[in-house]
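Below, all heavy atoms of this structure are taken into account, side chains as well, without hydrogens, waters or symmetry copies.
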Amino acid sequence: MTSTASEAQQGRAPGEPPPSWQQRLRRYGYVPRPGSHIGLRDRLVPPYSRPGTEIWRVLGVPPVLAGRLVRWAAWGGPLLVALVAGLLRFWNLGSPKAVIFDETYYAKDAWALIHQGYEGQWPKDIDKAVLADPSTVTVPADPGYVVHPPVGKWVIGLGEQLFGFTPFGWRFMVCVLGTLSVLMLCRIGRRLFRSTFLGCLAGALLAVDGLHFVMSRTALLDQVLMFFVLGAFGCLLIDRDWARRRLAAALPSDDEGVLRPDGEVAERLRLGWRPWRIAAGVCLGLAFGTKWNGLYILAAFGLLTVLWDAGARRTAGARQPYPAVLKRDVLPAFVATVVVTFVTYVVSWTGWIVSKEGYYRDWATGAGKGGDFTWLPDWLRSLWHYETEVYSFHVNLTSGHTYQSNPWSWIVLGRPVSYFYESPKPGKEGCPATERSDCAQEVLALGTPLLWWTACFAVLYVLWRWALRRDWRAGAIACGIAAGWVPWFFYQERTIFLFYAVVFVPFLCLAVAMMLGAMLGPPHAGERRRVAGAVGAGVLVLLIIWNFVYFWPIYTGQTLPIDDWRDRIWFDTWV
């Protein structure tokens with residue numbers, strides 16, 4: 001694209017200077033949209049960077065084998081990172097052999113779901129019997145009042161169906177999803193940055209994040225929610241490339257084969273069937289069917305994908321991209337995301353619907369008989385009533401809790417949650433007999449501190465990249481962080497916890513990987529600049545890994561002498 005065409009596309013006459021606000025912002029790093037120095041095809045679908053073979057040559061690997069390793073790296077690197085993450089997460093998964101934190105709700109509800117399709121009203125103190133001999137425990141037939149949709153509990157229940165009503169059984173599937181999310185993030189990062197190295201770096205950071213690690217080893221819903229949210233983001237990212245390739249294929253080329261923008265094609269082309277966007281809708285429905293804050297993710301990602309369409313049409317030459325998107329893309333996007341999400345959500349309640357014995361299942365034929373909506377099916381009216389009752393519970397949940405925290409403090413790990421704590425006596429449960437006081441055994445849902453504190457700067461970096469460098473990748477990462485974090489600021493009266501932040505941890509890792517990539521420097525930078533950047537980024541990554549290893553004992557519930565435990569409690573608010 002020529003500079004004249006670029007200026008015309010931005011609404012300026014040839015030779016006309018940019019607006020004064022753009023000139024003022026340039027002192028802070030603002031740059032206009034890419035111009036003629038980048039080909040249109042590469043702007044629509046940027047190519048992947050090809051890993052070099054220099055490191056293999058240094059290691060003495062034959063050139064033919066080195067070439068194969070480079071080709072395999074796109075999947076081999078992510079699979080290797082995921083393998084390491086899985087080994088870490090599955091190690092001694094059944095320990096501690098206890099019902100920790102909110103496992104007391106979800107493990108039992110999951111067991112009831114897979115046996116009768118609805119949650120039961122469990123008697124108090126049943127946890128001890130479950131741990132002692134689950135075969136003696138009978139699933140209660142009386143329906144139980146639960147305040148979260150069933151998808152996450154179905155996931156937990158699948159592990160229990162495979163491995164029994166045991167700590168390993170109810171943690172198994174959550175651990176599987178935690179491991180798969182590392183693999184997904186490697187591939188998502190690779191597609192986002194067009195770099196296998198940066199994708200694997202983002203996945204490796206997720207693998208050594210303490211909060212993600214602990215949540216992968218605990219039968220709670222938030223890790224399941226995170227998995228489906230990340231899956232939806234990945235599907236939308238693939239859909240973005242797919243749509244832009246379709247646009248590129250429809251644009252004309254000149255005599256030299258160079259792709260040229262075409263306003264008519266860019267504004268009139270219908271992109272048709274978009275299976276990856278529908279897959280994203282299914283993932284968002286499963287996220288919504290796990291916890292209701294999936295709705296905020298739906299709103300954010302729905303807006304994001306429409307803005308991506310507008311950007312693609314503008315790049316392809318559309319003079320009025322937003323009216324074009326409104327005519328061609330908004331309705332299909334609404335169906336593929338919003339409609340598919342809600343259909344998936346309703347389908348997730350199938351067990352409750354067909355059982356006819358779940359809580360509030362017969363409300364429409366009893367207390368709710370009559371009214372203005374009797375033409376609706378009874379099960380739908382009963383479900384709607386159930387949902388309104390649950391909403392009332394959530395917005396009025398203001399009772400205090402020892403480990404509740406304000407979302408402002410999450411990013412700096414102000415108040416982590418202790419899932420499990422015991423004080424073994426000297427000579428028992430791994431506590432050295434030489435100790436003069438009781439030992440400590442804890443599972444603390446704490447993010448790896450150096451990673452999270454680095455992420456504080458990385459978030460500012462991606463916001464700068466998005467606002468002033470016009471980097472859509474930074475905007476996508478910021479959207480993922482904001483969708484999982486910002487909504488909680490509107491419910492500060494509610495009892496909320498730091499571990500809710502696990503939903504946006506993958507996006508924090510993407511932000512840190514992007515910042516580390518900037519530290520490494522561009523490919524055309526000088527050798528000294530690249531070496532300095534590599535040393536700085538490498539040292540930071542090694543420190544993050546060391547930090548994870550250091551906190552490993554209080555992530556896994558190992559018995560520590562009390563002084564060693566205190567050494568890891570860096571702040572009073574961590575107790």
Handout entry: Pair D329-L271, side chain to side chain contact (heavy atoms under 4.5 Å, CB included): steps then yes or no
Key = CA-CA 8 Å; D329 301 322; L271 296 173; 4.1 Å; yes
Problem - side chain to side chain contact (heavy atoms under 4.5 Å, CB included) evaluation trace for L508 with V512 - result: CA-CA 6 Å; L508 293 180; V512 173; 5.5 Å; no
Exercise for the section: Begin from the C-alpha positions of F228 and F288 and carry the test side chain to side chain contact (heavy atoms under 4.5 Å, CB included) through to its verdict. Expected result: CA-CA 9 Å; F228 291 125; F288 180 30; over 6 Å; no
Handout entry: Candidate pair S181 and H212, rule side-chain hydrogen bond (donor to acceptor under 3.5 Å, both in side chains), full reasoning
Key = CA-CA 10 Å; S181 65; H212 185 274; 2.9 Å; yes
Problem - Test side chain to side chain contact (heavy atoms under 4.5 Å, CB included) applied to R314 and R319, step by step - result: CA-CA 7 Å; R314 180 179 56 237; R319 293 180 177 273; over 6 Å; no
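Counting only heavy atoms from C-beta outward, the side chains of E442 and I569 approach each other to under 4.5 Å. The shortest distance between side-chain heavy atoms of F233 and L304 falls below 4.5 Å. Side-chain contact check for R89 versus R171: every heavy-atom pair is 4.5 Å or farther apart. In this structure, the side chains of R260 and L40 stay at 4.5 Å or more apart for every pair of heavy atoms. Between L444 and F551, the closest side-chain pair of non-hydrogen atoms is not below 4.5 Å. Taking 4.5 Å as the limit, some side-chain heavy atom of Q223 sits within range of a side-chain heavy atom of V502. Considering only heavy atoms from C-beta on, F213 comes within 4.5 Å of T556 through its side chain. Side-chain contact between V174 and L220 is absent, with no heavy atoms from C-beta onward closer than 4.5 Å.
With rounding to the nearest 0.5 Å, the separation of CE in M184 from CG in L230 is 4.0 Å. Note that the OG1 atom of T337 and the CG atom of D239 stand 10.5 Å from one another [nearest 0.5 Å]. To the nearest 0.5 Å, atoms CG (L251) and CG (L44) are separated by 6.5 Å.
R240 and T305 share no donor-acceptor pair across their side chains, judged by distance under 3.5 Å alone. Using modelled atom types and a 3.5 Å distance limit, the side chains of R190 and T196 yield a donor-acceptor pair.
In the displayed structure, W91 atom CH2 is contacted under 6.0 Å by more than 12 heavy atoms of other residues, nucleotides or ligands. Within a 6.0 Å sphere centred on CZ of F457, other residues, nucleotides and ligands contribute 12 heavy atoms or fewer. Residue W276 qualifies as open at atom CH2: its count of foreign heavy atoms under 6.0 Å is 12 or below. In E527, the CD atom is not crowded: 12 or fewer heavy atoms of neighbouring residues, nucleotides or ligands sit closer than 6.0 Å. Applying the 6.0 Å contact sphere to CH2 of W466 captures no more than 12 heavy atoms from other residues, nucleotides or ligands.
D42 places no side-chain N or O within donor-acceptor distance of the main-chain N or O of P46, the cut-off being under 3.5 Å. Proximity of a side-chain donor or acceptor of R568 to a complementary backbone N or O of W552 within less than 3.5 Å is not detected. Judged purely by atom type and a 3.5 angstrom limit, W485 has no side-chain atom pairing as donor or acceptor with the backbone of F504.
Ring centers of W488 and F497: at least 6.0 Å apart, outside the cut-off. Within the 6.0 Å centre-distance limit, the rings of W574 and F571 are counted as a close aromatic pair. The aromatic ring centres of F90 and F172 sit less than 6.0 Å apart.
Partner of F489 under the ring-ring contact (aromatic ring centres under 6.0 Å, His included) criterion, chosen from W410, Y500, W408: W408.
Residues D471 and R469 are not paired through a salt bridge, judged by the lack of any N-O separation under 4.0 Å between the basic side chain and the carboxylate.
Because its NZ or CZ atom is both nearer than 6.0 Å to the ring centre of W75 and within 45° of the ring axis, R187 counts as a cation-pi partner of that residue.
Under the side chain to side chain contact (heavy atoms under 4.5 Å, CB included) criterion, L540 pairs with T454, L516, I544, sequence neighbours left out.
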